[in-house]
2 protein chains.
Amino acid sequence: MQEWQEEVLAEVRAGSRISDRDIVDKVRRAVLMQRLPPGTRLPEVTLGEVFGVSRSVVRKALTRLASEHVVDQRPNQVARVRAPSIEETRETFAARRLVEGEVAALLAGRLDAASHARLAAEARGEVEAHGRDDEPARIEHSLAIHHLLAEHSPNRVLGAMLTDLILRTSIVIALYKRPNLASCFLEGDHAALLAALGQGDAEAAREGIQRHLESLEALLDLSPREASIDLMAILGRSREQA
Amino acid sequence: MQEWQEEVLAEVRAGSRISDRDIVDKVRRAVLMQRLPPGTRLPEVTLGEVFGVSRSVVRKALTRLASEHVVDQRPNQVARVRAPSIEETRETFAARRLVEGEVAALLAGRLDAASHARLAAEARGEVEAHGRDDEPARIEHSLAIHHLLAEHSPNRVLGAMLTDLILRTSIVIALYKRPNLASCFLEGDHAALLAALGQGDAEAAREGIQRHLESLEALLDLSPREASIDLMAILGRSREQA
DNA sequence: AACAGGTTCATTGTATACAGGATAAAGGTC
DNA sequence: GACCTTTATCCTGTATACAATGAACCTGTT
């Protein structure tokens, strides 16, 4: 809670106006980048001081983050960064396969040239970043691809659901990535997907997405943690004072 | 805004403690029952007086309702009951077909006896209520069936998404139901679904759900409204003083 | 040394006050 | 009479104060 306060404070001094949406964005991003590990306490006053606003604004932001499944907000208790279980991780991936597969199928053959070019550019950017061993940049490009799919979904309801699922899977990927793994890059997956989209082959696009997500999930370490996590959650101390 | 205030006030006097969740429940229910038609203004102070709490609690409730897509909350403007467009209605139904179909497929053959019995009882209750021409009761039973599916979904993430979609489709059904139609009852659909679930036939269950939802959507009047709704939304007055 | 009890502190829940923005009504102009 | 401007009112945005709950800690006992 000490180091990142300073980081955010710096960002705050640069930008002048702070609203609840800014707080949501910054916290979401910090969770995604693992600067705020799961279980981190997020007291309202502290956050208020960090962002230079009062508790009212922070409270609204926290409620929103809770509805995005980023933080856990329980009555009379400090909000904490959520730690999705292994089971929930599997379920989130399954849900995303279903939804993103459908979105890709709907999108097949219906992408305008500009959007397709934009997607292709991001895909190129991803392989290039991977070549440079620049994993953060690679992740940005990869996320951009999937977010573009969500944005352009002909079905906006599914698109919004997909946006949520992309965030949630990103969080659990960061959480459960095998530590020895340098990158979660799956060579050619995105290119193949774009090809299927361009050719208008809906089923190929759907299966391309689904296989891609299955491979991604397989890269994670989802072996049961000998109930250590459960014990932590139940009698848990010893994580927040670090 | 006058009549339902009294109703709610009565309910409030009965139950003693009021929290934001109670407000969410009551407003959600009122919207579902069309006691709060789309576009209804929901000022924070008024709601506060109705429920006997201050704006803080009301604000939290409204934010939650907004995240449930029940109300529209825009900066510096009064919250209003949301009026989903015809296009969004179609998209919501499509999303629900996808998600509920998958949930049904996952659930096929995996329902314990008690849950199956509960579902069967609700289905019987529905036909019985329909026989009595008691549409509100029929709706309750029908909703109970679908909510049970969502609750028992092996994939809890999909289950939560389904709960949200059930609410949203219920709202648009109330909104776009053909006025001459007495009931949205589809004879045998639920029974057939239960049979497929009991036999463990995943694909039959999925298709049963999907056909059921398609029939439901077909019962609605989703013909374009000659842009009258759009004009209303854009230059709109003249709806709230009623 | 382990445990039960009570006490203190940290943190959230709720209400209220004031400031700013949006809407609606009144007044003035063409 | 229609249109623009001005003003008044309503309503939300934000901050702050007080109450209430929960967690940590300290103490006294066995």
Side-chain angles (χ1 to χ4, degrees), chain A residues 1-2 5 12 15-27 36 39-67 71-82 232-242, chain B residues 1-2 5 12 15-27 36 39-67 71-82 232-242:
Chain A
M1 281 296 281
Q2 282 73 7
Q5 277 193 22
V12 167
S16 45
R17 274 272 188 53
I18 300 296
S19 83
D20 58 308
R21 187 150 314 189
D22 299 311
I23 300 180
V24 171
D25 288 343
K26 288 214 160 49
V27 174
L36 258 46
T40 307
R41 290 159 48 93
L42 300 172
E44 298 175 356
V45 281
T46 314
L47 250 67
E49 288 165 11
V50 169
F51 287 103
V53 294
S54 92
R55 282 179 54 208
S56 331
V57 189
V58 174
R59 279 179 78 81
K60 195 167 182 176
L62 284 175
T63 329
R64 289 202 146 143
L65 286 166
S67 79
V71 307
D72 234 356
Q73 212 183 11
R74 297 155 83 154
N76 290 319
Q77 249 160 290
V78 271
R80 305 168 96 101
V81 176
R82 233 173 86 87
M232 277 286 202
I234 293 164
L235 356 139
R237 242 123 275 191
S238 88
R239 199 192 285 143
E240 53 264 49
Q241 67 259 47
Chain B
M1 281 297 281
Q2 281 73 7
Q5 277 191 21
V12 166
S16 46
R17 273 274 187 53
I18 299 296
S19 83
D20 59 308
R21 187 151 310 191
D22 299 312
I23 300 181
V24 172
D25 288 343
K26 286 212 163 48
V27 173
L36 258 46
T40 307
R41 291 159 48 92
L42 300 172
E44 297 174 356
V45 281
T46 312
L47 272 141
E49 289 166 10
V50 169
F51 288 102
V53 295
S54 91
R55 284 180 52 210
S56 330
V57 188
V58 174
R59 279 179 78 80
K60 195 166 181 177
L62 283 176
T63 318
R64 289 202 147 145
L65 286 166
S67 80
V71 306
D72 234 356
Q73 212 182 11
R74 298 156 82 157
N76 289 322
Q77 252 161 286
V78 280
R80 306 168 95 99
V81 176
R82 232 173 88 86
M232 276 289 198
I234 295 165
L235 355 140
R237 243 123 272 191
S238 85
R239 201 191 285 144
E240 52 265 48
Q241 64 260 47

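Every chain is numbered from 1 and lettered A, B, ... according to where its sequence line falls, protein lines coming before strand lines.
- Side-chain contact check for A/Val57 versus A/Ile23: some heavy-atom pair is nearer than 4.5 Å.
- Rounded to an integer number of Å, the gap from NZ of B/Lys60 to C1' of D/dT12 is 19 Å.
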Filtered N/O pairs between nucleotides 15-18 of chain C and protein, under 3.5 Å:
unit_1, atom_1, unit_2, atom_2, d
C/dA15, OP2, B/Ser54, N, 2.8
C/dA15, OP2, B/Ser54, OG, 3.2
C/dA15, N7, B/Ser56, OG, 2.6

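- Rounded to whole Å, the distance from CZ on A/Arg74 to C1' on C/dT11 is 16 Å.
- Under the rule for a salt bridge (charged side-chain N to carboxylate O under 4.0 Å, His left out), the partners of A/Asp20 that lie at least two apart in sequence or sit in another chain are A/Arg64.
- If you measure from atom CD of A/Gln73 to atom C1' of C/dG13, you get 12 Å, rounded to the nearest angstrom.
- Straight-line distance from the CZ atom of A/Arg80 to the P atom of D/dG22: 15 Å, rounded to whole Å.
- Taking CG of B/Asp72 as the reference point, atom CG of B/Leu65 lies at 11.5 Å (rounded to 0.5 Å).
- Put simply, B/Arg59 has no side-chain N or O that comes within less than 4.0 Å of OP1 or OP2 on C/dT14.
- Taking the side chain as every heavy atom from C-beta outward, A/Val71 and A/Arg80 never approach each other to under 4.5 Å.
- Residues A/Leu62 and A/Glu44 approach most closely at CD1-CG, 3.9 Å, considering heavy atoms.
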TODO: Run the numbers on A/Leu36 and A/Val27 for side-chain contact (heavy atoms from CB on, under 4.5 Å), then give the verdict.
DONE: CA-CA 8 Å; A/Leu36 258 46; A/Val27 174; 4.2 Å; yes
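- Counting heavy atoms from C-beta outward, B/Arg59 and A/Lys60 have side chains that approach closer than 4.5 Å.
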What does the list of N/O pairs under 3.5 Å between the protein and nucleotides 7-11 of chain D look like, with a distance for each?
unit_1, atom_1, unit_2, atom_2, d
D/dC11, OP1, B/Arg41, NH2, 3.3

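- Atom CG in A/Asn76 sits roughly 5 Å away from atom C1' in D/dT21 (whole-Å rounding).
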